[in-house]
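See structure below.
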Amino acid sequence: MPELSPAAHAILEVVRSIPRGRVANYAQIAARAGLIGRARLVAWALKQADAASAVPWHRVLRADGRIAFPVGSDAHALQLRLLRRERVPAVAGRVSRAFFAWQVDDLDRALWQPPD
DNA sequence: GCCCTGACGTGAA
DNA sequence: ATTCACGCCAGGG
């Protein structure tokens, strides 16, 4: 893939670190990549990366636990299938907070001290 | 430069 | 629960 900014690489690295069977939202990923408030950049980076590198993009959800793609779209259906394949349940169209890889307190700590 | 569009988030109404 | 206004910023026209 063509040149991605250092920020984009940092983002993809964080996405790669999401454990199988868990999910994370855009803001959390941005924060752990040292890019607080840059959730949209995470979305941008994923779009550039999808075909190029093997990142578990399907583990990235919106803050409310819903899939970012519009319901009914192919992408939405695919992501849901990939999540189900990892035993991540979506109740009423959204994933429970319990399945998020990093909880808020965890994230707060990460903001002051880099993750393990 | 200006304006609009996003795989977004947050807070307020 | 839903809307709305912002804040954010990379790209494209």
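Here is the naming used below: chain letters follow the sequence lines, and residue numbers restart at 1 for every chain. Keep in mind it's a predicted model, so treat the numbers as computed, not measured.
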message: What verdict does the salt bridge (Lys or Arg N to Asp or Glu O under 4.0 Å) test give for A/Glu86 and A/Arg59, after you've listed the backbone C-alpha separation in whole Å, the side-chain angles of each residue and the deciding distance to 0.1 Å?
response: CA-CA 10 Å; A/Glu86 297 186 356; A/Arg59 297 179 193 148; 2.8 Å; yes

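- For the pair A/Gln28 (side chain) and A/Asn25 (backbone), a donor-acceptor distance under 3.5 Å is present.
- The distance between atom CG of A/Leu46 and atom P of C/dG11, rounded to the nearest whole Å, is 15 Å.
- At whole-Å resolution of the value, CG in A/Leu41 and P in B/dG9 are 13 Å apart.
- Comparing B/dA7 with C/dC6, their P atoms are spaced 23 Å from each other, to the whole Å.
- Between the C1' atom of C/dG7 and the CG atom of A/Leu35 lies a distance of 16 Å, rounded to the nearest Å.
- Side chain of A/Arg22 to backbone of A/Val88: no donor-acceptor contact under 3.5 angstrom is found.
- Nucleotide C/dG11 holds its P atom 7 Å from the CD atom of A/Gln48, rounded to whole Å.
- If you check C/dG11, B/dA7, B/dG9 against the side chain of A/Phe69, the one that comes closest is B/dA7.
- Taking 4.0 angstrom as the limit, A/Arg38 places none of its side-chain polar atoms (N or O) nearer than this to OP1 or OP2 of C/dG7.
- Taking atom CH2 on A/Trp57 and atom C1' on B/dA7, their separation rounds to 9 Å, with Å as the unit.
- C/dG7 atom C1' lies 18 Å from atom OH of A/Tyr26, rounded to whole Å.
- Contact annotation: A/Arg40 does not reach the phosphate of C/dC9 (side-chain N/O to OP1 or OP2, under 4.0 Å).
- Rounding to the nearest 0.5 Å places CZ of A/Arg38 at 10.0 Å from CH2 of A/Trp44.
- Counting to the nearest Å, the P atom of B/dG9 and the CD atom of A/Gln28 are 9 Å from each other.
- Residue A/Ala39 places its side chain closer to B/dG9 than to any other of C/dG11, B/dG9, B/dA7.
- Between A/Lys47 atom NZ and C/dG12 atom C1' the separation is 11 Å, expressed in whole Å.
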